Amino acid sequence: MTYNASDIEVLEGLEGVRRRPGMYIGGTDKRALHHLVTELLDNATDEVVAGHADRITLILERGGSVSVQDNGRGIPVDPLPRYPDKSALEVILTKLHAGGKFHNKAYATAGGLNGVGISVVNALSLWTEVQVDRDGFSWQQRFSRGKPEGGLRQLEPTRKRGTKVTFMPDAEIFPEIRFQIENLVEMCRSKAYLNKGVKIRLKAEDTDVSHEFHYPNGLEDFVASWVEKQEKIIPEFFVGQAEGVGADENIRLEWAISWTFDDKGRQLSYCNTIPTGQGGTHETGMKSALLKGVREFAEARNLLPKGITIVSDDVLDGMFGVLSIFIPSPSFSGQTKEKITNTGIARPIEGAIKDQLDHWLHGQPEQASKLVETIVERAKERQNRRKTASSIKRKSVTNRLTLPGKLTDCITSDPDLSELFIVEGDSAGGSAKQARDRHTQAVLPLRGKILNVEQANMDKFEKNTEVQNLVTAIGAGCGKQFDLSGLRYGSVIIMTDADVDGAHIASLLLTFFYRFMPDLIRNGHLYLAQPPLFRVNSGSSSSYALDEEEKQKIIKKIRSKRPNAKIDISRFKGLGEMVPSQLRETTMNTQTRRLLKVFVDDEEITHDTFDRLMGKRPIERFKFIQEKASFAQDNLDI
Ligand code: 1YM
């Protein structure tokens, strides 16, 4: 399409963006900060998808700035009739909604920003530099907090084409400016998978990190990388795409699925390349297509024994799949805008996938039978398990006394007021019992290290007493049966020693909660207690320090007031070493303690981290530790 500078539409200044960044990028936290990069990456990706570019380079620069470059047409630089003294580039960078008619984006991206992204990035940056190669020259313009610093400068002649945007986020807006390479890697990787053929390079100047992402087979490559080490039920992937689906919604979709013997599957979905971690109507459509297709095939081939019914979970357990849809006007909802709620799309998506699934299954009946038989097996196992579970439930109703003996419960039964402290060992349990507020704080001591749920099978897991105690005390069930309405404590607090053993126990517990009660985390009920490592005494005053850094700060403060003061430092080896009043004051008392709330920042990265660090493959663990070792130097406690 030829661009016509006179086509620019409604324009608005950027003051509003700086005043209310939340409206445009959903906040000013780490997630929002990374969103700035997404915006530029989206712009560059659009240029690739439109067929004008084939390469994107993202550089995390030494001083903390980020640059994104593509080899597309270059942002237009000629003046606009409506603003004769301004270039199109300046208008695009300094006005909101400068997308206009000529920026013919068929699909709204990034929560509906629709091409205004680049001006939002500019508004929220201390400085931005744009370099465009276009119309035979290099051009450059710099901006400061969204305002031009001088006009567009014409530099040397060039035959190249492309756009490079470099920006430094503004510390007035973002409380913490530190890009995480893992997040950027994940971002680039999924963009490359979702737009097959795109080549994306990522470099971090101050480390040796350098990646090149290029997936000619798109989603299929994505799923293949997950199941590489898994035992697959059949080697074939169910891969497909459909276009122009639906009556009034012009839907395009793509998917790739592989079924494995694993008992945990993994499904991701995207809408207009934005991750939809909370699912929505597009996922509903896909799941229902898979269930119906498998059920019909099982019936047609007589694979279903009497009394057995396949449900969605039987198909989804062990299933690794990605669904990517494109729709013109997505409605993102939910707290984190990760859910799609367009109502008209479930049916057409279901139809498109079901047609191709039927074709795929019947086209290779032997393989398909193998797959469906395994799914039927899962249904059988599940129905058997339910029988056992309901008999246990009946037993416990007659017993009435269902709470674990080790639990020291609190007086109140109001979950909004109550807290459960999970501690390691009976000795710490004893101190915690004495230090607690008996009205609102319950204590559950666990014996030694709990089972690593990443490595244990379901059977071993269900029989483990420590795990059972934990589940019963919390009261909301676990796994697929988890139900937040049963929660007995509004805050579940992991309280372990401030040493390596304590950290190990905490990570085992985190793994457990992440895998079996993720909603406890998502809804903000899980915390880590912060017991101090040191006590610093000087004269009659004593303070506590969480770590070495804090200890040094306290010492410095004392020295600045009294250079010759005698300072006495003691190190706590464990919670059990503290007297109850110390434990109360530093770690348990709601008025004086510090707590860390556990939350999942990026589901994808978290999943991978747990899988690598706690999973069954020692090699992966070793590689992970090697990769991260340089960050850990100061904290090793051997
Ligand atoms: C690193 C970020 O923004 N590249 C980019 C942006 C545009 C174009 C090319 C472009 C689009 C069109 C015509 C068109 C943009 N253009 C506009 C606007 N990389 C990056 N590359 N010519 C060039 O869509 O018709 C906004 S962004 F508004 F001019 F269309």
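Note that ligands are numbered from 1 as they come in the structure, with each ligand's atoms numbered from 1 the same way. These numbers come from a predicted model, not from an experiment.
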Test log, rule side chain to side chain contact (heavy atoms under 4.5 Å, CB included), inputs E90 and L152:
CA-CA 8 Å; E90 183 174 324; L152 177 72; 5.8 Å; no

For the student: nearest non-hydrogen atoms of G146 and L14, plus distance:
O-CD1, 4.0 Å

What atoms of ligand 1 come within less than 4.0 Å of a heavy atom belonging to T163?
4 (N), 5 (C), 19 (N), 20 (C), 21 (N)

Just say parallel, tilted or perpendicular for the rings of F222 and Y270, cut-offs at 30° and 60°.
tilted

Quick one: does P76 get a heavy atom under 4.0 Å from ligand 1?
yes

Do E39 and V120 come close enough that some side-chain heavy atom pair is under 4.5 Å?
no

With nothing but distance in play, are any N or O atoms of D70 less than 3.5 Å from an N or O of ligand 1?
yes

Atoms of ligand 1 close to L40 [distance to a heavy atom under 4.0 angstrom, numbered from 1]:
2 (C)

Would you kindly specify which portion of R134 sits under 4.0 Å from ligand 1, judged on non-hydrogen atoms: side chain, backbone, both or neither?
side chain

Without hydrogens or angle criteria, can the side chains of K191 and T273 be said to hold a donor-acceptor pair below 3.5 Å?
yes

Can you find a non-hydrogen atom of G162 under 4.0 Å from ligand 1?
no

Give the single entry among R73, Q69, K164, E47 that approaches atom 12 (C) of ligand 1 most closely by any heavy atom.
R73

Is the positively charged end of R142 above the ring of W127, judged by distance under 6.0 angstrom from the centroid and angle within 45° of the axis?
yes

